[in-house]
Amino acid sequence: MIQKRSHLKQTRRLVLKIGSSLLTNATTGVQQTMIDRIVEQVVALHRQGIEVCLVSSGSVSLGRVALAANAPCWLSRSLSVHEKQAAAAVGQPALMQAYHQTFAAAGLKVAQMLLTRDDLRHRRRYLNASNTAETLFSAGVVPIVNENDTVVVEEIKFGDNDALAALVGRVIGADLVVLATDVQGLYDANPVTTPTAQRIADVHHVDERILGMASGSGSSFGTGGMQSKVRAAEIATRAGVVLAIVGGQHDQMVTKLINGGDLGTVFYCNNDRHNRRQHWIAELLEPEGALYVDAGAEQAMLQRGASLLPIGLQRVEGDFDKGDCVAVVACGGQVIAKGLVNYNNKEMSAICGMSSEQIEQCLGFVDYTSVIHRDNLVILQRSQVKL
Ligand code: GLU
């Protein structure tokens, strides 16, 4: 497992995320020099047997430039959601064309994968995306992922391509996610305004101090801001994938990073790692309801990793079916876990507070003795409690 920089040499598959600010120019469109630099890196990594999946932003910004050729207002004012979606539809093929041509000249084929959060919420589609990526890798093709902007609205968006890259890291079974941006990593103060600002090289746990640095005065630089990058680091590391934030302007920054170079900020995995299924539940599923539990159940889940039994239930809220995701709420009112339920809301309300032996008598059948089995239960950390 990757626990320090010298271990980054073990990387066999990685996600490289490139932000719009590196790739595009607000008035001229694609920054070909940046595309050349990325392709050069990916080709060099390929030669070393390292598989790369690109997550590339830039469709909205390229679309705006293209549309502004006929109507300058596409660049001069802020756009509505539908206008951004239209711009993405125009810009995405232009983005892919730039990658396609440059990779082709270097002898590599590319493939476009457009994903939405909704796609990854469905277990089957999640697995399809994973299998498609796997097949592309075995055919020596470079997958290029972006959010399918034309079909998503604000509420169901990944929010930013930093989070998308972290999730893709899990979907494709990467060892490392690299977020290439226009700063050199996470700093303890804004490096633009504070000359003494220090880069944080290694982060083993995202705590309040790290979150403070990301949300402080230095947060406004870089695509999506530093906050979205640290949030992405939390998503990736909980899924067992190391994440690095690096300055994208440098040549061969990924090769340097993998060879143990002292650049950027690397976030390592800690012991709170989730398995693939838990990661899917924690990061992608929206709760359809809530189960309010007593102190005994809370303790059993948090301290012993126990399943949730009907006896620990105090109240059931929402309209959900067997197999749906619900939030588990402790006595204090805080959401402590998420899980997939074994009974629907009506059955759950009927057996609320009962011992498992009473389920059959009450419902006339017993499918499970627990209401959420521990394999389908994920204890949340502070940063995930935003339900
Ligand atoms: N999907 C958007 C685009 O291609 C970018 C979102 C982001 O950069 O976070 O323009």
Side-chain angles (χ1 to χ4, degrees), residues 15-32 34-35 38 53-68 74-75 77-100 102 110-120 129 142-169 171 177-183 214 219-236 243-249 283-284:
V15 173
L16 174 57
K17 183 255 168 179
I18 321 285
S20 299
S21 63
L22 285 174
L23 270 180
T24 60
N25 178 294
T27 46
T28 56
V30 176
Q31 305 249 48
Q32 188 57 41
M34 193 62 208
I35 302 263
I38 295 162
C53 170
L54 287 179
V55 170
S56 180
S57 305
S59 66
V60 175
S61 122
L62 290 184
R64 289 180 79 152
V65 174
L67 289 162
W74 281 93
L75 274 181
R77 61 173 174 81
S78 56
L79 303 183
S80 69
V81 173
H82 297 307
E83 285 169 333
K84 278 192 206 149
Q85 289 174 313
V90 172
Q92 182 63 25
L95 184 63
M96 283 310 294
Q97 193 183 9
Y99 279 120
H100 170 78
T102 319
V110 295
Q112 168 180 268
M113 287 180 72
L114 297 179
L115 295 174
T116 66
R117 184 176 278 273
D118 230 23
D119 292 329
L120 299 184
V142 180
I144 304 182
V145 177
N146 197 359
E147 181 154 25
N148 194 357
D149 290 307
T150 51
V151 296
V152 288
V153 286
E154 283 320 310
E155 310 81 81
I156 55 162
K157 272 177 91 69
F158 285 106
D160 52 72
N161 276 4
D162 297 326
L164 174 61
L167 291 164
V168 166
V171 173
V177 172
V178 180
L179 304 181
T181 182
D182 50 9
V183 275
S219 65
S220 58
F221 45 83
T223 320
M226 211 26 91
Q227 229 169 346
S228 84
K229 290 178 176 47
V230 173
R231 161 90 185 118
E234 291 190 286
I235 297 173
L243 182 140
I245 302 172
V246 297
Q249 305 89 338
E283 305 297 344
L284 290 157

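When a ligand or atom number is given, it counts from 1 through the structure's own listing order.
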Under 3.5 Å: N/O of Ser59 near N/O of ligand 1:
yes
May I ask you to check whether Lys17 has an N/O atom sitting below 3.5 Å from an N/O atom of ligand 1?
no
Determine whether any heavy atom of Gly58 lies closer than 4.0 Å to an atom of ligand 1.
yes
With a 4.0 Å heavy-atom cut-off (strictly under), which part of Asn161 contacts ligand 1: side chain, backbone, both or neither?
both
Between Leu95 and ligand 1, which residue portion shows a heavy-atom distance shorter than 4.0 Å: side chain, backbone, both, or neither?
neither
I need the atoms of ligand 1 closer than 4.0 Å to a non-hydrogen atom of Ser57, numbered in the order shown.
4 (O), 5 (C), 7 (C), 8 (O)
Would you mind listing which atoms of ligand 1 come within a distance below 4.0 Å of any non-hydrogen atom of Asp160?
9 (O)
Run the numbers on Met226 and Val183 for side chain to side chain contact (heavy atoms under 4.5 Å, CB included), then give the verdict.
CA-CA 9 Å; Met226 211 26 91; Val183 275; 3.4 Å; yes
Test salt bridge (Lys or Arg N to Asp or Glu O under 4.0 Å) applied to Glu147 and Lys17, step by step
CA-CA 12 Å; Glu147 181 154 25; Lys17 183 255 168 179; over 6 Å; no
Take Leu95 and Leu23, measure what side chain to side chain contact (heavy atoms under 4.5 Å, CB included) needs, and give me the verdict at the end.
CA-CA 9 Å; Leu95 184 63; Leu23 270 180; 4.2 Å; yes
One should read off an interatomic distance between Leu179 CG and Leu243 CG, to the nearest 0.5 angstrom, of 4.5 Å
So how far is it from Leu54 CG to Asn146 CG, rounded to the nearest 0.5 Å?
11.0 Å
Pairing donors with acceptors under 3.5 angstrom, does anything connect the side chains of His82 and Gln85?
yes
When you measure from atom 1 (N) of ligand 1 to each heavy atom in Asp162, Val145, Asp149, Val152, which option holds the nearest one?
Asp149
